[in-house]
*Asks:* 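There's a structure below that I have some questions on.
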Protein chains: 2
Amino acid sequence: MTDSLEKRLENALLNGSKSDKKIANFMKGALNDLPFETASSVATKVKVSEATVGRFCRTLGYASFKDLKSHLQNDIAHNPWLMSDRLRELQDSAAGDDTGLTRGMELEIAGVVSVYEIARSAEWQQVVERLANIHRVFVAGFQTERGIAQYFANQLQYIRDRVTLLDLSGGNFVEALVSDGDACLVMFEARRYSRLAKVLAQEAQAAGIPVTLVTDVYCDWGFAAADEVFAVPTQFNQFWDSTALMASLSNLMINGVFKELGPEVDLRLEKIARLYGRVTGHVGDPLTQVAK
Amino acid sequence: MTDSLEKRLENALLNGSKSDKKIANFMKGALNDLPFETASSVATKVKVSEATVGRFCRTLGYASFKDLKSHLQNDIAHNPWLMSDRLRELQDSAAGDDTGLTRGMELEIAGVVSVYEIARSAEWQQVVERLANIHRVFVAGFQTERGIAQYFANQLQYIRDRVTLLDLSGGNFVEALVSDGDACLVMFEARRYSRLAKVLAQEAQAAGIPVTLVTDVYCDWGFAAADEVFAVPTQFNQFWDSTALMASLSNLMINGVFKELGPEVDLRLEKIARLYGRVTGHVGDPLTQVAK
DNA sequence: GATTGAATGAAATATTTCTTGCAATTTGGT
DNA sequence: ACCAAATTGCAAGAAATATTTCATTCAATC
């Protein structure tokens, strides 16, 4: 029994119990972070009790989680844990056949920084409070950003009521907007900007509905048609603009609203999860087995 | 005072007291082993009392040795070839009133690095080629990741034919899968995993369809049910897991497929943009004014 | 050489991390 | 559907790791 940790983990992945698999899988996926973890931190992350983590390590043949870690030190001594080493590695491996990936990563990292800068602005706080308190929220996205809009809307729906993702198929969204006084609109859009986006923003503003626009840095009509404009970086050395960071921004926004709403959101979350569990089921739910 | 650990150590090496120098010197030389050490193990090795190690960490600006280690884990900031000024500025400005935002940013940046590491793996290349060449692509996403799936599918549709975003309302996706031989499936999912996700993956595999799963590091059923599993980091110090980086991964994937397909994609892109322009219109298009 | 202030280690205390025993739950086989 | 075996979480206890206090040492200044 002098296998490497990885071997043992894979073995556990096949033969282990349910919790064992969870732990093994997590460890396998997070080998780099393992040295920084403790038995209890792992336990929390995979939602298992500390005791189980300890026992798991023992079934693997180590004396404890600590013992496992110290073997890790020797076992895979060439695995870089330190972020700086990992970066260096990326850099090196990219040195020859560079596909521009490394440069893209630098840009995307810079983009993340920008997004977090946005999240510190006064405008941001204003939007967060509005999303927490206003009666009704509409969300819209165009072209490829439809997905981002849906992502945002779905998450917001988890933590509050009356969130509607506008269907833009026809342009039939206008009546939805005039129907209600106390509402706001969040839009996701990047070039080439859909004509609908501008129309929608203008109609909304005309109806007295505050408009928040998440877009790229090239959008020139946004400032006129929206109350707040959050411009996220989109050029990461890829063949076309990437609006991926809008998702990061969305999450930050959701997080802000969550904190604004306070603890009672938890109840709602739990309720929704339970409902989903009833209707569709989660992996591992014993109660929702479907008849064969 | 937002220098990197290495900088701080060097500083201590010059200005520190006798013990400080001993400790600093040791740490500098054993950076890679540091994650495995504890305050007392260091104390023993350097022949200093534990207390001194603790104090040393505090003079360096960390709360404890443990805190120092956790900074080591994703210390992006001290990589000069990455960001620098703005990042540092942001960290400084956040020094006091922190809401955990800065910590979250560090984690998310580290996450971006992980995603780019994934994009260099052999599995990745395999998926890219498959997506470029296979006859038919199905995309699926569950719960909040539906949006990401849509985002991915939309973009893929821009550069190739026969991409279908599966509608999961009923579970009626199964016939879609058996209908065709030469197809593959890309799934986005994070915990709590929808039961549908697992079922779909298994059905697909049973039908001989390669399955690629983009998920978080906690997914334990993925390895059994999917051909490739890309585990993206999701914990950024927010109240719940953020799957935002899946969007970044999506874009990288699209970019890869694009390059694989070669230049003739441009034609397709142009055609689609023109079509969209006709039907809905882009901002600034003079031809698509609607009659008032 | 005396005085002061910083630095240090030892011991006591606090905190974190791990293990163990036990009850409850789940699993797998009949 | 039932039962036995395995698995798991909880809670209490044990061990480890870290912090604080305090008396001592050391070094610099006068």
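Worth saying up front: this structure is predicted, and the values here are computed from it rather than measured. Atoms considered below: every heavy atom in the structure, side chains included; atoms not considered: hydrogens, waters and symmetry mates. Chain letters run A, B, ... following the sequence lines, proteins first, then strands; residues in each count from 1.
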*Asks:* Where the side chain of B:Thr38 is concerned, which of D:dC22, D:dT17, C:dT17 is the nearest nucleotide?
*Replies:*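 Closest nucleotide among those given: D:dT17.
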*Asks:* What is the distance, to the nearest angstrom, from the CD1 atom on B:Ile23 to the C1' atom on D:dA18?
*Replies:*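 About 14 Å, once rounded to whole Å.
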*Asks:* Test side chain to side chain contact (heavy atoms under 4.5 Å, CB included) on A:Trp81 and B:Leu72; report intermediate values, then the result.
*Replies:* CA-CA 9 Å; A:Trp81 343 101; B:Leu72 206 56; over 6 Å; no
*Asks:* Which nucleotide, D:dT19, D:dT8, C:dG9, lies nearest any side-chain atom of B:Ser64?
*Replies:*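 Within the option list, the nearest is D:dT19.
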*Asks:* Distance check needed: D:dT19 C1' versus B:Asp67 CG, whole Å only.
*Replies:*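 Atom-to-atom, B:Asp67 to D:dT19, this comes out as 14 Å.
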*Asks:* Check the orientation of B:Tyr218 and A:Phe26. Use parallel for under 30°, tilted for 30 to 60°, and perpendicular for over 60°.
*Replies:*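 It falls in the parallel class, under 30°.
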*Asks:* Assign A:Ala51 to base, sugar-phosphate, or nothing according to its heavy-atom contacts below 4.0 angstrom with the strands shown.
*Replies:*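 Base, at least one base atom sits under 4.0 Å.
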*Asks:* Could you state the atom-to-atom distance from CZ of B:Phe56 to P of C:dA6 in whole Å?
*Replies:*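 These atoms are roughly 19 Å apart.
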*Asks:* Please report the distance, rounded to the nearest Å, between NZ in A:Lys18 and P in C:dT25.
*Replies:*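 That distance rounds to 14 Å.
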*Asks:* I want to check something: taking the side chain as every heavy atom from C-beta on, are B:Phe138 and B:Val186 in contact at a cut-off of under 4.5 Å?
*Replies:*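 A side-chain contact is absent here, since even the closest heavy-atom pair is not under 4.5 Å.
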*Asks:* Do A:Thr44 and A:Ser41 have a side chain donor and acceptor closer than 3.5 Å?
*Replies:*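 Note: A:Thr44 and A:Ser41 side chains miss the donor-acceptor criterion.
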*Asks:* Can you tell me which nucleotide in D:dA18, D:dT7, D:dC10 comes closest to the side chain of A:Ser17?
*Replies:*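 So the side chain of A:Ser17 is nearest to D:dT7.
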*Asks:* Rounded to whole angstrom units, what separation is found between the CD atom of A:Glu37 and the C1' atom of C:dT17?
*Replies:*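 These atoms are roughly 14 Å apart.
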*Asks:* Starting the side chain at C-beta, find the nucleotide from D:dC22, D:dT19, C:dT16 nearest to B:Lys66.
*Replies:*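 Nearest listed nucleotide: C:dT16.
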*Asks:* Between A:Asp20 (CG) and D:dA6 (P), how many Å, whole number?
*Replies:*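 After rounding, the gap between these two atoms is 14 Å.
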*Asks:* Would you kindly compare A:Arg58 and B:Ser49 by the position of their nearest DNA chain C nucleotide and give the one closer to the 5′ end?
*Replies:*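 This one resolves to B:Ser49.
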*Asks:* Starting at CG of A:Asn15 and ending at P of D:dA6, how long is that distance when rounded to a whole Å?
*Replies:*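 Whole-Å distance recorded here is 16 Å.
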*Asks:* Would you indicate what B:Ala63 reaches in the nucleic acid, counting non-hydrogen atoms under 4.0 angstrom: base, sugar-phosphate, or nothing?
*Replies:*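 Since only primed, P, OP1 and OP2 atoms lie under 4.0 Å of B:Ala63, the category is sugar-phosphate.
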*Asks:* Whole Å only: how far is the CZ atom of A:Arg55 from the C1' atom of C:dC18?
*Replies:*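 About 12 Å, once rounded to whole Å.
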*Asks:* Please tell me if B:Thr52 has a side-chain N or O lying less than 4.0 Å from either OP1 or OP2 of C:dT8.
*Replies:*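 The answer is no; no side-chain N or O of B:Thr52 sits under 4.0 Å from OP1 or OP2.
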*Asks:* To the side chain of A:Glu50, which of C:dC18, D:dT8, D:dT17 is closest?
*Replies:*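 Nearest nucleotide to the side chain: C:dC18.
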*Asks:* Using a distance-only test with no angle check, is there a side-chain donor-acceptor pair under 3.5 angstrom linking B:Glu108 and A:Tyr116?
*Replies:*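 Judged by distance alone, the side chains do pair up.
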*Asks:* Looking across every strand, which nucleic acid part, if any, lies under 4.0 Å from A:Val53 by heavy atom: base, sugar-phosphate, or nothing?
*Replies:*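 The answer is nothing, as A:Val53 stays clear of every strand by at least 4.0 Å.
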*Asks:* Between D:dG9, D:dA18, C:dC18, which one does the side chain of A:Ala39 approach most closely?
*Replies:*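 Comparing D:dG9, D:dA18, C:dC18 against the side chain of A:Ala39, the answer is C:dC18.
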